[in-house]
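Below, chains carry the letters A, B, ... as their sequence lines are ordered, and counting in each starts from 1.
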Amino acid sequence: MATALRLIARSLRKNKIQPLYNSCSFLHSHATSFGFKEVREEEKSQMVGNVFTSVASSYDLMNDVMSGGLHRLWKERLVSKLNPFPGMKHLDVAGGTGDVAFRILESINSVKNRALLDVHDDNLLEETKIYVCDINPNMLNVGKKRAQERGLGDNSSLIWVEGDAEALKFEDDSMDGYTIAFGIRNVTHIEKALAEACRVLKRGGRFLCLELSHVEVPVFKELYDYYSFSVIPAIGELVAGDRESYQYLVESIRRFPSQEKFASMIAEAGFQKVEYENLVGGVVAIHSGVKF
Amino acid sequence: MYRLAAKRLLPAVGRWNPRFRCSSSGVRALAGVINPLRFYTSASSGTIPDQNPDNFDASASSSSTAWSQEERSRADDETQRSRNTTRPRAHWQDEEARVLQASLRHVIRLGWTDAAMIAGARDVGMSPSIVGSFPRKEAALVEFFMDDCLQRLIDIIDTKDDFKNLIPSHRVSKLVKIRLEMQAPYISKWPQALSVQAQPLNIPTSFKQRAMLVDEIWHAADDEAADIDWYVKRTVLGGIYSTTELYMLTDTSPDFQDTWAFLDERIRDAFDLKKTVQEAKYLAEAVGAGIGGSLPGFMKSVFNS
């Protein structure tokens, strides 16, 4: 895997030397970032795929180790911001292991007791549909397995779909909510993914994105940088046996647009009331927008 | 003048006034300044794509101190860029108002709750998901109702002329009555609304809304004094308003007759008090003048002897 990455990087470098290519136009028209490396667009999705295939089995364990369990709180916060309701049609993109989807389902089922007193519509709960969409079948398999362990294996509300965030297989105006947690960073064309999110949402539907973001707090930033570049790859090697993938992870965080920039990208995709909230000083940020 | 004073005292101004509706760009600019200092921050840039010129002017002038030149130019760029993209069909604040307005119909059945807002969103063909985007959930509904009532009260004050024929105390009690009658349909759920307003997070807004309401009523009563009385009067009326509101909750008389009788008495008491205070002041002045006159005479007589 590691050698493969290096090979690709090397072949790229060779390409750039060729006189036929203007290196600058090459970068802008056909290249994208894979961590700190520049790779061809077609290759990024495949390389990201390789990363997640290699870490799928230890993905959740690694999340716990790297964030000290904080990622659970972040996901709780995401779901509480989403404010799920019975009868909701929700799409969770890049949520292969089902972490966010399970939380949404739990939240709806706990609201249920309260809502049943008020809303007389009993069918509402059966109408609840949570689509978990992931481009990587390995991640989806992990999620399905976990659903079974939680006794949600034959729950009709959970639907597992293999699909690309840039070309969703859902109809226009069909979803109440769209979440993407720690996923949009790995998408080759962020704008396309945002446009797709906007397309599938109903009027009044909400887009929520949980993503590792940029820390600007002075001393904390240095600590965080040290942690990400020195500690995380080492943990990755120790726990998941894969240093390169986690090197990619921390690099891709640095390549991701800043909170403000990403917020304006969301607004450009057609969302309104775009807001973001920094958690832990910007280590993660939750961006949200509403489609009207 | 009082309105201005109230707005200066209570910044960030309620949403009832459309001129002040769009203050989130200002908030964003401020947040940009504060951001690095805090561990837990949030900011909004919701108005980037849908700035219309009016809103933009209002927000820029209301927060001009917080906007650096650079930010201004960036905002200008953003507005220019947004003009090139397709203009959204409706302004999100109008849409939110529509959802909340529709939710009010469900309040009697479902209370001031998420469920009412979800039902309201369904009524106007919006995804109920939008409810999650309201800050402080139920408070949004209660505050919307308060703003709505205030706006209606202002409309009534502006359009009806017969107030001018009433003496001030009647004018005040009539306005309080009109305002309280607006929440009569929701009386069975009003305790819930009060408890929502009393939650620590919501207190600043509910306090502000009440202050503006009381200010508006005094303003309509043609009260032009700008001295220390200004505070006394508003505090007294605020007290009367809230007491009457509570009295109304347990009032079972037809059409709340007891409540209105109670209100009239309280207002009369207050105006009597005002007279009493005035008389006490005159007395004090007279006594002061008397002492002032007699003291030098007294001293003179002491030194002479």
Side-chain angles (χ1 to χ4, degrees), chain A residues 79-90 111 114-115 117-119 124 173-178 201-208 215-218 220-221 259-260 262-264 266-283 285-292, chain B residues 24 27-28 31-32 35-51 71 74 77-78 81-82 84-96 98-99 106 109-111 113-122 124-135 137:
Chain A
V79 173
S80 84
K81 272 184 99 91
L82 177 68
N83 196 37
F85 56 94
M88 186 178 197
K89 305 264 181 301
H90 184 83
V111 165
R114 245 190 315 147
L117 297 172
D118 308 328
V119 184
L124 225 46
D173 305 310
S174 59
M175 294 293 164
D176 291 306
Y178 177 110
L201 281 171
K202 292 179 194 169
R203 287 181 67 236
R206 287 180 81 212
F207 166 86
L208 284 161
V215 176
E216 299 299 340
V217 186
F220 186 56
K221 181 178 162 61
Q259 283 92 326
E260 283 288 328
F262 186 48
S264 65
I266 294 170
E268 266 165 37
F271 288 102
Q272 298 190 41
K273 206 183 178 186
V274 179
E275 295 169 336
Y276 69 84
E277 178 183 49
N278 281 339
L279 303 171
V280 203
V283 173
I286 300 178
H287 281 79
S288 65
V290 186
K291 178 189 173 182
F292 283 107
Chain B
S24 45
V27 170
R28 184 165 63 96
N35 255 351
L37 304 172
R38 287 198 295 180
F39 253 59
Y40 183 81
T41 52
S42 63
S44 95
S45 51
T47 44
I48 292 175
D50 51 343
Q51 295 274 16
E71 273 166 335
R74 196 182 61 189
D77 289 345
E78 278 165 357
R81 213 188 312 143
S82 71
N84 298 335
T85 60
T86 49
R87 187 57 78 74
R89 271 169 302 176
H91 196 276
W92 60 269
Q93 279 157 324
D94 295 337
E95 296 289 343
E96 279 189 4
R98 269 178 60 216
V99 171
H106 299 275
R109 193 164 54 90
L110 301 171
T113 55
D114 273 15
M117 288 192 280
I118 287 172
R122 287 213 170 95
V124 294
M126 283 280 205
S127 163
S129 192
I130 192 176
V131 174
S133 77
F134 295 148
K137 308 276 163 5

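Take A:Ser288 and apply the side chain to side chain donor-acceptor pair (under 3.5 Å) test, not counting sequence neighbours, and it matches no residue. Looking at residues two or more places apart in sequence or on another chain, you find a ring pair (Phe, Tyr, Trp, His ring centres under 6.0 Å) between A:His287 and A:Phe262, A:Tyr276.
Minimum interatomic distance between B:Ser127 and A:Gly205 (heavy atoms only, all atoms of both residues): CB-N, 3.7 Å.
Using a 4.5 Å cut-off on side-chain heavy atoms (C-beta onward), A:Gln272 and B:Glu95 make no contact. Here the side chains of A:Asn83 and B:Lys137 are in contact, with some heavy-atom distance below 4.5 Å.
Among the candidates A:Leu208, A:Asp176, A:Leu201, the single residue satisfying the side-chain contact (heavy atoms from CB on, under 4.5 Å) test with B:Ser129 is A:Asp176.
Interface summary for chain B: among A:Lys221, A:Lys202, A:Arg206, the most heavy-atom pairs under 4.5 angstrom belong to A:Arg206.
Rounding to the nearest 0.5 Å places CZ of A:Phe292 at 9.0 Å from CD of B:Gln93.
A:Lys273 contributes a side-chain N or O that, together with a main-chain N or O of B:Ser133, makes up a donor-acceptor pair within less than 3.5 Å.
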